[in-house]
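Below is one structure, written out as structure tokens; the observations come after it.
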Number of protein chains: 2
Amino acid sequence: MATKHEIGTRERIIRATSRLMQRQGYGATGLKEISREAEATLGSVYHFFPGGKQELAVEAVRHGDREFTELLRTVFDRVDDPAAAIIVCARDLSTGLRDSGWLDGCPVTTTALESAGRLPDIQRAAEEAFENWRGLVRDKLRRSGFDEDVAHDLAHTVINTLEGAEMSAQVSQSEAPLEIAGRHLARLIDSYR
Amino acid sequence: MATKHEIGTRERIIRATSRLMQRQGYGATGLKEISREAEATLGSVYHFFPGGKQELAVEAVRHGDREFTELLRTVFDRVDDPAAAIIVCARDLSTGLRDSGWLDGCPVTTTALESAGRLPDIQRAAEEAFENWRGLVRDKLRRSGFDEDVAHDLAHTVINTLEGAEMSAQVSQSEAPLEIAGRHLARLIDSYR
DNA sequence: CATGCGATAGAACGAGCGCTCTATTCACTA
DNA sequence: TAGTGAATAGAGCGCTCGTTCTATCGCATG
């Protein structure tokens, strides 16, 4: 298989873990399923991730963090106005979700909720992801002239509303929640100008 | 045990399932764990829920639906202004979450995300829960004089933002996300008057 | 060619899973 | 009092889980 040697076993394992846990959560994802999906053996999995399933989940969450960070950066670079940029983000999430057959929601949320209060390492990784995303939004708003306090609070609600809307969109298999969320967030941002 | 005969085995099993799945998700919750927590035997569990784990999860989600519905109804009855009512809801969620040691988040979200696209019965129950909650918010707004379209869209974002903020609050173990969400949602609602 | 080591390979372990099954208890009616 | 069916009880089924372990492979360096 071509991808096997171009990407590397370790990275392939992380990607498989991320996608599987994104779709079915931490508990329902088995290590043998991961090794099968990644076209690696169980030995390789434990060779690269001696911490086992938990270490694997942490890396998967960080991978999801990087993915969404990249989406935010790309949109923020291309769209100057922050309110307009958020609408684009919402639409990107919406189409991505629909194109996956409503299977691939936020790669962090599912695992985060399952691990909250029980698996500290995974929870911390998820917390860092949300922090990073909020930081990107806050900086974008700051660069557009918003006050520090306003930008800080708006960043919270932008990320949280997108998260909630994506979850809702996935469960109801509809693009409406994210479309509405984009419009409302833009209106909220504009109300602080 | 007093509660054993006052509540009834069936209801006790549903409550145990709901709380366990709320905290650790569908996959990580075992039937023996449920029967232990509910002070019932495995035989009783299958007697009342012959559909097994999936039927149990559906009932647990519906139980969570009723819980949040009751919270919304109570607050909406007591607080006339819809924007003020949403702030109260956000604070109630926040204190409830903190008082549980950041363990008891939304009783529907975790199970819903795990089952999306894989376990249709559970997904449908979760979808109905969100629909019910949106309906309550929409009616509240309608009764306060908002247009049908505006109320419909606002109901989406109110529920989704509260959901996202509660998830964020749980993961970061902080009351800030829900406090900010309440303020922003009130501002958004007021902007349509 | 020989040595060493990261990487691959998968058998095997104990534990726990969802679920089935039979046996027993209990309250109530014929 | 005998009979009936709901409810309780838990042993045991086949299976998969996360993890451990030993054996082998590929390949760079001596």
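This one's a predicted model, so the numbers in the text were calculated from it and none came from an experiment. Protein chains get the first letters and strands the later ones, always in sequence-line order, with residue 1 at the start of each.
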Review point. Is it true that A/Glu70 and A/Arg66 have a side-chain N and a carboxylate O under 4.0 angstrom from each other?
Key: no
Review point. Under 4.0 Å: is that the gap between some side-chain N or O of B/Ser44 and OP1 or OP2 of D/dT8?
Key: yes
Revision key, fill the gap. CG (B/Leu20) and CD (B/Glu33) are apart, to the nearest 0.5 Å, by 5.0 Å
**Study point:** Short N-O contact, B/Arg187 and B/Asp190, less than 4.0 angstrom
**Key:** no
Point to revise | Interatomic distance where CD belongs to A/Glu39 and P belongs to C/dA9 [whole Å] | key: 11 Å
Practice item. Just do the side chain to side chain donor-acceptor pair (under 3.5 Å) check on A/Ser168 and B/Asn160 with the steps written out, would you? Key: CA-CA 7 Å; A/Ser168 176; B/Asn160 293 340; 3.3 Å; yes
Point to revise | Length of the CZ-C1' vector between A/Arg36 and C/dG10, whole Å | key: 14 Å
Point to revise | Any donor-acceptor N/O pair, A/Ser94 side chain to A/Ala90 backbone, under 3.5 Å | key: no
Practice item. In whole angstrom, give the distance that lies between atom NZ of B/Lys32 and atom C1' of D/dC17. Key: 14 Å
Point to revise | Length of the line joining A/Gln24:CD and D/dC17:P, which is rounded to integer Å | key: 10 Å
Review point. Do any of residues 46-64 of chain B sit with a heavy atom less than 4.0 Å from DNA chain D, and if so which?
Key: B/His47, B/Phe48
**Study point:** Which residue lies more 5' along DNA chain D, comparing A/Gly30 with A/Gly43 via nearest heavy atoms
**Key:** A/Gly30
**Study point:** Value in whole Å for how far the P atom of C/dG16 lies from CG of B/Leu42
**Key:** 15 Å
Check your understanding: Can a side chain N or O of A/Thr9 be found less than 4.0 Å away from OP1 or OP2 on C/dT8?
Key -> yes
Point to revise | Value in whole Å for how far the P atom of D/dG18 lies from CD1 of A/Ile34 | key: 8 Å
Exercise for review: Give the ring-plane orientation class for B/His152 versus B/His156, where under 30° counts as parallel, over 60° as perpendicular and anything between as tilted.
Suggested key: tilted
Review point. Taking the side chain as C-beta and beyond, is there a heavy-atom pair between A/Tyr26 and B/Glu114 under 4.5 Å?
Key: no
Check your understanding: When all nucleic acid strands are considered with a 4.0 Å heavy-atom cut-off, which category describes A/Thr29: base, sugar-phosphate, or nothing?
Key -> sugar-phosphate
Review point. Can you tell me how far P of D/dC17 sits from OH of A/Tyr26, to the nearest Å?
Key: 14 Å
Exercise for review: Answer whether the closest heavy-atom distance between the side chains of B/Ile189 and B/Leu141 falls below 4.5 Å.
Suggested key: yes
Study note, to complete from the structure: The bend of the helix from C/dC1-D/dG30 to C/dA30-D/dT1, taken between the axes of its five terminal pairs at each end and rounded to 10°, is 10°
Exercise for review: Determine whether A/Ser144 and A/Asp81 make a side-chain contact, defined as any pair of heavy atoms from C-beta on separated by less than 4.5 Å.
Suggested key: no
Practice item. Rounded off to whole Å, could you give me the CG-to-C1' distance for the B/Leu31 and D/dA11 pair? Key: 16 Å
